[in-house]
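Residues take their numbers from the sequence shown, with the count starting at 1.
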Amino acid sequence: MQRRRLCCHTCPVRCLLVDDNSAFVETARLLLAREGVVVAGTASSIAEALRQVGALRPDVVLVDIALGDENGFELARRLAGAIPGTERP
């Protein structure tokens, strides 16, 4: 089944993978590609992920909750706060 972007019917979904485990990143890349998802980039830290999101503008960000000494939930909160209408009270 081919996954599609919301913008049009011919563009594949573009994903940023954020994980500090290179073996997982490669496995996820293969599984996502099998489903028609393009892995636009990867990151292994919050700072790197934020730079990649700004540069690549992916449709989806797949985030590991345990990024070494960092917390994937913190990255998710920061990303959600960057989208209008998703700010927390």
Side-chain angles (χ1 to χ4, degrees):
M1 180 166 117
Q2 184 78 9
R3 306 278 186 221
R4 304 289 182 195
R5 291 174 79 170
L6 297 177
C7 68
C8 67
H9 297 288
T10 60
C11 300
V13 172
R14 296 177 66 250
C15 178
L16 173 66
L17 293 176
V18 183
D19 198 303
D20 58 338
N21 181 323
S22 59
F24 174 81
V25 169
E26 287 309 309
T27 300
R29 181 191 302 272
L30 291 171
L31 292 172
L32 290 167
R34 213 181 282 167
E35 294 298 321
V37 176
V38 173
V39 176
T42 63
S44 60
S45 69
I46 289 175
E48 187 180 2
L50 293 172
R51 283 192 300 273
Q52 292 279 40
V53 165
L56 300 173
R57 310 283 297 163
D59 302 305
V60 176
V61 181
L62 178 62
V63 180
D64 180 14
I65 60 170
L67 290 171
D69 293 335
E70 297 181 311
N71 185 325
F73 289 118
E74 175 59 27
L75 173 58
R77 279 189 285 277
R78 290 175 73 176
L79 291 173
I83 302 169
T86 62
E87 299 84 6
R88 295 180 63 157

Quiz item: Hey, which of C11, P58, P12 is the one that makes side-chain contact (heavy atoms from CB on, under 4.5 Å) with V38?
Solution: P12

Quiz item: Which atoms form the tightest heavy-atom contact between D20 and A66, and what is the distance?
Solution: OD1-O, 3.5 Å

Exercise. Give me the one residue out of D19, L75, L16 that meets side-chain contact (heavy atoms from CB on, under 4.5 Å) with V63.
Key: L75

Self-check item: Closest non-hydrogen atom pair between R14 and R57, with its separation
Solution: NH1-O, 3.4 Å

Quiz item: If only atom types and distance count, is the side chain of R51 paired as donor or acceptor with the main-chain N or O of A43 below 3.5 Å?
Solution: no

Quiz item: Nearest 0.5 Å, what's the CD-OG1 distance between E26 and T42?
Solution: 8.0 Å

Exercise. Please tell me if the side chains of D64 and N21 come closer than 4.5 Å, counting only heavy atoms from C-beta onward.
Key: no

Exercise. Could you pull out all residues at least two apart from E74 that satisfy side chain to side chain contact (heavy atoms under 4.5 Å, CB included)?
Key: I46, N71, R77, R78

Quiz prompt | salt bridge (charged side-chain N to carboxylate O under 4.0 Å, His left out) involving E48 - partner list, sequence neighbours excluded | solution = none

Quiz item: Got a sec, which residues hit side chain to side chain contact (heavy atoms under 4.5 Å, CB included) with A76, two or more places apart in sequence or on another chain?
Solution: none

Quiz item: So how far is it from E70 CD to S44 OG, rounded to the nearest 0.5 Å?
Solution: 8.5 Å

Quiz item: Which heavy-atom pair separates S45 from V18 by the least distance, and what is that distance?
Solution: O-CG1, 4.4 Å

Practice problem: List the atom of G72, the atom of L67, and the distance in Å for their closest heavy-atom pair. | Solution: CA-CD1, 4.3 Å

Practice problem: Would you mind reporting whether V60 and V37 have side-chain heavy atoms less than 4.5 Å apart? | Solution: no

Self-check item: Closest approach of L17 to A28 (non-hydrogen atoms, all atoms of both residues)
Solution: CD1-CB, 4.0 Å

